[in-house]
Amino acid sequence: MARVDDKDMGSDLQSVLISKEEIDAKLAELAAKIDAEYAGKDLLIVGVLKGAVMVMADLARALSTPVTMDWMAVSSYGAGTQSSGVVRILKDLDTDIKGKHVLIVEDIIDSGLTLSWLLSNLGSREPASLEVCTLLRKPDAAKVAIDVKWIGFDIPNEFVVGYGLDFAEKYRNLPFVGTLAPHVYGG
Ligand SMILES: O=P(O)(O)OC[C@H]1O[C@H](OP(=O)(O)OP(=O)(O)O)[C@H](O)[C@@H]1O
Ligand code: HPA
Ligand SMILES: [Mg+2]
(Lines give C-alpha, C1' and ligand atoms only; values in the text may rest on other atoms or scores of the structure.)
(Ligands and ions follow the chains in the order given, each with its own letter.)
Protein backbone atom coordinates (compact mmCIF):
# COMPACT_ATOMS: atom_id res chain seq x y z
CA MET A 1 0.00 0.00 0.00
CA ALA A 2 1.61 3.23 -1.09
CA ARG A 3 0.06 5.79 1.19
CA VAL A 4 -2.78 5.57 3.71
CA ASP A 5 -4.53 8.79 4.66
CA ASP A 6 -1.95 11.43 5.68
CA LYS A 7 0.71 9.18 7.26
CA ASP A 8 2.89 6.95 5.16
CA MET A 9 2.98 3.53 6.84
CA GLY A 10 4.50 1.66 3.93
CA SER A 11 2.95 -1.82 3.67
CA ASP A 12 2.33 -2.35 7.42
CA LEU A 13 -1.34 -1.42 7.20
CA GLN A 14 -3.96 -3.50 5.47
CA SER A 15 -6.82 -1.02 5.48
CA VAL A 16 -8.36 2.03 7.11
CA LEU A 17 -11.25 0.79 9.24
CA ILE A 18 -12.43 4.11 10.71
CA SER A 19 -11.34 7.44 9.29
CA LYS A 20 -10.39 10.54 11.27
CA GLU A 21 -13.60 12.22 10.07
CA GLU A 22 -15.73 9.30 11.31
CA ILE A 23 -13.95 9.37 14.68
CA ASP A 24 -14.48 13.14 15.04
CA ALA A 25 -18.19 12.86 14.20
CA LYS A 26 -18.70 9.97 16.62
CA LEU A 27 -16.92 11.75 19.47
CA ALA A 28 -19.11 14.84 18.95
CA GLU A 29 -22.19 12.59 19.14
CA LEU A 30 -20.98 10.85 22.30
CA ALA A 31 -19.97 14.16 23.91
CA ALA A 32 -23.50 15.55 23.43
CA LYS A 33 -24.97 12.50 25.21
CA ILE A 34 -22.41 12.68 28.02
CA ASP A 35 -23.07 16.43 28.43
CA ALA A 36 -26.79 15.72 28.80
CA GLU A 37 -26.18 12.94 31.34
CA TYR A 38 -23.88 14.93 33.62
CA ALA A 39 -25.50 18.40 33.38
CA GLY A 40 -25.04 20.20 36.70
CA LYS A 41 -22.76 17.48 38.12
CA ASP A 42 -19.02 17.38 38.73
CA LEU A 43 -17.52 14.82 36.39
CA LEU A 44 -14.12 13.15 36.64
CA ILE A 45 -13.00 11.45 33.45
CA VAL A 46 -10.42 8.71 33.88
CA GLY A 47 -8.28 7.79 30.91
CA VAL A 48 -6.70 4.38 30.72
CA LEU A 49 -3.12 4.81 29.56
CA LYS A 50 -1.71 4.58 27.10
CA GLY A 51 -4.30 3.63 24.50
CA ALA A 52 -6.99 6.10 25.59
CA VAL A 53 -4.82 9.21 25.29
CA MET A 54 -6.23 10.29 21.92
CA VAL A 55 -9.86 9.56 22.85
CA MET A 56 -9.47 11.43 26.16
CA ALA A 57 -7.90 14.46 24.49
CA ASP A 58 -10.51 14.72 21.75
CA LEU A 59 -13.55 13.71 23.83
CA ALA A 60 -12.63 16.14 26.62
CA ARG A 61 -12.47 18.98 24.11
CA ALA A 62 -15.77 17.97 22.54
CA LEU A 63 -17.54 18.12 25.93
CA SER A 64 -19.21 21.32 27.15
CA THR A 65 -19.43 19.97 30.70
CA PRO A 66 -16.45 21.12 32.80
CA VAL A 67 -14.49 18.02 33.81
CA THR A 68 -11.47 17.08 35.82
CA MET A 69 -9.13 14.49 34.34
CA ASP A 70 -7.08 11.70 35.87
CA TRP A 71 -5.21 8.71 34.47
CA MET A 72 -4.60 5.10 35.29
CA ALA A 73 -2.03 2.94 33.61
CA VAL A 74 -2.76 -0.75 33.37
CA SER A 75 -1.42 -3.26 30.93
CA SER A 76 -2.56 -6.71 29.93
CA TYR A 77 -1.22 -7.00 26.40
CA GLY A 78 2.53 -6.41 26.61
CA ALA A 79 3.96 -6.62 23.11
CA GLY A 80 1.56 -9.24 21.74
CA THR A 81 -1.83 -9.28 20.05
CA GLN A 82 -3.56 -11.44 22.72
CA SER A 83 -4.60 -10.29 26.18
CA SER A 84 -2.64 -12.10 28.87
CA GLY A 85 -5.67 -11.78 31.14
CA VAL A 86 -3.38 -10.59 33.91
CA VAL A 87 -3.99 -6.90 34.57
CA ARG A 88 -1.21 -4.94 36.24
CA ILE A 89 -1.55 -1.42 37.69
CA LEU A 90 1.39 0.58 36.40
CA LYS A 91 0.03 3.93 37.66
CA ASP A 92 -2.88 4.52 40.01
CA LEU A 93 -5.20 7.54 40.14
CA ASP A 94 -3.84 10.68 41.81
CA THR A 95 -7.26 11.48 43.29
CA ASP A 96 -9.70 9.88 45.71
CA ILE A 97 -12.87 9.09 43.73
CA LYS A 98 -15.13 8.43 46.71
CA GLY A 99 -18.46 10.26 46.14
CA LYS A 100 -17.47 11.44 42.65
CA HIS A 101 -19.13 10.87 39.30
CA VAL A 102 -16.51 8.90 37.37
CA LEU A 103 -16.44 8.12 33.67
CA ILE A 104 -13.79 5.66 32.49
CA VAL A 105 -12.61 6.45 28.97
CA GLU A 106 -11.17 3.60 26.92
CA ASP A 107 -9.92 3.20 23.40
CA ILE A 108 -11.07 -0.40 23.02
CA ILE A 109 -12.90 -3.21 24.75
CA ASP A 110 -11.59 -6.46 23.31
CA SER A 111 -11.84 -9.46 25.67
CA GLY A 112 -13.27 -7.10 28.29
CA LEU A 113 -10.81 -8.39 30.89
CA THR A 114 -9.10 -5.03 31.46
CA LEU A 115 -12.34 -3.14 31.95
CA SER A 116 -13.98 -5.81 34.03
CA TRP A 117 -11.04 -5.66 36.40
CA LEU A 118 -11.00 -1.84 36.38
CA LEU A 119 -14.73 -1.59 37.10
CA SER A 120 -14.44 -3.78 40.16
CA ASN A 121 -11.27 -2.02 41.31
CA LEU A 122 -12.69 1.51 40.93
CA GLY A 123 -16.17 0.42 42.05
CA SER A 124 -14.74 -0.66 45.40
CA ARG A 125 -13.60 2.95 45.99
CA GLU A 126 -17.25 4.03 46.35
CA PRO A 127 -17.70 6.60 43.54
CA ALA A 128 -21.13 8.30 43.31
CA SER A 129 -21.44 6.76 39.85
CA LEU A 130 -19.17 4.78 37.55
CA GLU A 131 -19.73 4.52 33.80
CA VAL A 132 -17.68 3.67 30.73
CA CYS A 133 -17.19 5.33 27.36
CA THR A 134 -15.19 3.44 24.76
CA LEU A 135 -14.40 4.37 21.20
CA LEU A 136 -14.23 0.75 20.00
CA ARG A 137 -15.64 -2.61 21.04
CA LYS A 138 -15.18 -6.09 19.57
CA PRO A 139 -18.43 -7.92 20.41
CA ASP A 140 -17.12 -11.24 19.03
CA ALA A 141 -14.04 -11.19 21.29
CA ALA A 142 -15.85 -10.71 24.62
CA LYS A 143 -14.79 -13.11 27.38
CA VAL A 144 -16.78 -11.30 30.04
CA ALA A 145 -20.02 -9.35 29.80
CA ILE A 146 -19.65 -5.68 30.66
CA ASP A 147 -22.23 -2.97 30.95
CA VAL A 148 -20.90 -0.12 28.79
CA LYS A 149 -22.99 3.01 28.54
CA TRP A 150 -21.34 4.76 25.58
CA ILE A 151 -19.79 2.90 22.63
CA GLY A 152 -18.39 4.56 19.52
CA PHE A 153 -18.08 1.66 17.08
CA ASP A 154 -18.53 -2.10 17.20
CA ILE A 155 -15.77 -3.58 15.06
CA PRO A 156 -14.85 -7.05 13.74
CA ASN A 157 -12.55 -9.32 15.71
CA GLU A 158 -9.33 -8.17 14.05
CA PHE A 159 -6.26 -6.55 15.59
CA VAL A 160 -6.45 -2.82 14.99
CA VAL A 161 -3.96 0.02 15.42
CA GLY A 162 -3.94 3.80 15.34
CA TYR A 163 -5.61 6.64 17.24
CA GLY A 164 -3.87 5.49 20.45
CA LEU A 165 -3.90 1.76 19.74
CA ASP A 166 -0.54 0.07 19.35
CA PHE A 167 1.13 -3.06 18.13
CA ALA A 168 4.38 -3.41 20.11
CA GLU A 169 4.12 0.34 20.97
CA LYS A 170 3.99 1.41 17.32
CA TYR A 171 1.25 3.08 15.25
CA ARG A 172 -0.37 4.96 18.18
CA ASN A 173 -0.02 8.30 16.38
CA LEU A 174 -1.99 7.36 13.29
CA PRO A 175 -4.99 9.72 13.09
CA PHE A 176 -7.32 6.87 12.04
CA VAL A 177 -8.00 3.25 13.08
CA GLY A 178 -6.65 0.64 10.68
CA THR A 179 -6.03 -3.07 10.45
CA LEU A 180 -2.50 -4.44 10.36
CA ALA A 181 -1.21 -6.48 7.46
CA PRO A 182 -0.85 -10.10 8.70
CA HIS A 183 2.89 -10.20 7.90
CA VAL A 184 3.49 -7.52 10.57
CA TYR A 185 2.28 -9.74 13.43
CA GLY A 186 3.18 -13.06 11.89
CA GLY A 187 -0.33 -13.89 10.64
O1 LIG B 1 -10.63 -5.85 26.61
P2 LIG B 1 -9.19 -6.25 26.72
O3 LIG B 1 -8.92 -7.55 26.00
O4 LIG B 1 -8.71 -6.31 28.13
O5 LIG B 1 -8.32 -5.17 25.92
C6 LIG B 1 -8.48 -3.78 26.05
C7 LIG B 1 -7.30 -3.12 26.68
O8 LIG B 1 -6.10 -3.44 25.98
C9 LIG B 1 -5.42 -2.26 25.57
O10 LIG B 1 -4.49 -1.84 26.53
P11 LIG B 1 -3.01 -2.47 26.68
O12 LIG B 1 -3.02 -3.46 27.79
O13 LIG B 1 -2.54 -2.96 25.34
O14 LIG B 1 -2.16 -1.22 27.13
P15 LIG B 1 -1.92 0.14 26.28
O16 LIG B 1 -3.20 0.93 26.38
O17 LIG B 1 -0.79 0.81 26.97
O18 LIG B 1 -1.60 -0.24 24.86
C19 LIG B 1 -6.52 -1.24 25.45
O20 LIG B 1 -6.03 0.08 25.56
C21 LIG B 1 -7.46 -1.61 26.58
O22 LIG B 1 -7.08 -1.00 27.79
O1 HPA C 1 -7.08 -4.73 18.52
C2 HPA C 1 -6.29 -4.19 19.35
N3 HPA C 1 -5.27 -3.39 18.91
C4 HPA C 1 -4.40 -2.80 19.77
N5 HPA C 1 -4.46 -2.95 21.09
C6 HPA C 1 -5.45 -3.71 21.58
N7 HPA C 1 -5.73 -4.01 22.86
C8 HPA C 1 -6.80 -4.81 22.83
N9 HPA C 1 -7.20 -5.05 21.57
C10 HPA C 1 -6.38 -4.36 20.75
MG1 LIG D 1 -1.60 -1.98 23.85
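Note that this is a predicted model, so its numbers are computed, not measured.
Applying the salt bridge (charged side-chain N to carboxylate O under 4.0 Å, His left out) test to every pair with at least one member in residues 31-40, sequence neighbours left out, gives these pairs: Glu37-Lys149. A salt bridge (charged side-chain N to carboxylate O under 4.0 Å, His left out) check over residues 39-54, counting only residues at least two apart or in different chains, returns the pairs Lys50-Glu169.
You'll find the side chain of Leu43 reaches within 4.5 Å of the side chain of Ile34, heavy atoms only.
In terms of hydrophobic clustering, with Ile, Leu, Val, Met, Phe, Trp and Tyr side chains grouped at heavy-atom distances under 4.5 Å, Phe167 and Leu174 are assigned to a common cluster. Put simply, Val53 and Phe176 are part of two different groups of oily side chains (I, L, V, M, F, W, Y) that touch within less than 4.5 Å, one to the next.
Note: Leu63 CG to Leu30 CG = 9.5 Å, rounded to the nearest 0.5 Å.
Partners of Ala62 according to the side chain to side chain contact (heavy atoms under 4.5 Å, CB included) rule, which considers only residues two or more places apart in sequence or in another chain, are Ala31. The side chain to side chain contact (heavy atoms under 4.5 Å, CB included) check on Ala60 picks up Ile45, Met69, with sequence neighbours excluded. Shown here are the side chain to side chain contact (heavy atoms under 4.5 Å, CB included) partners of Asp94, two or more places apart in sequence or in another chain: Asp70, Lys91. With sequence neighbours excluded, no residue forms a salt bridge (charged side-chain N to carboxylate O under 4.0 Å, His left out) with Glu22. With sequence neighbours left out, the side chain to side chain contact (heavy atoms under 4.5 Å, CB included) criterion links Val102 to Leu44, Val46, Ile97, Lys100, Pro127, Leu130.
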List, one per line, each side-chain donor-acceptor pair under 3.5 Å for residues 115-122, sequence neighbours excluded.
residue : atom : partner : partner atom : Å
Ser120  : OG   : Trp117  : O            : 3.3
Asn121  : OD1  : Arg125  : NE           : 3.3
Asn121  : OD1  : Arg125  : NH2          : 2.7

Show me the side-chain donor-acceptor pairs of residues 151-160 shorter than 3.5 Å, one per line, residues at least two apart or across chains.
residue : atom : partner : partner atom : Å
Asp154  : OD1  : Arg137  : NE           : 2.7
Asp154  : OD1  : Arg137  : NH2          : 3.3
Asp154  : OD2  : Arg137  : NH2          : 3.0

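When all heavy atoms of Tyr163 and Met54 are compared, the pair lying nearest together is OH-O, 3.4 Å.
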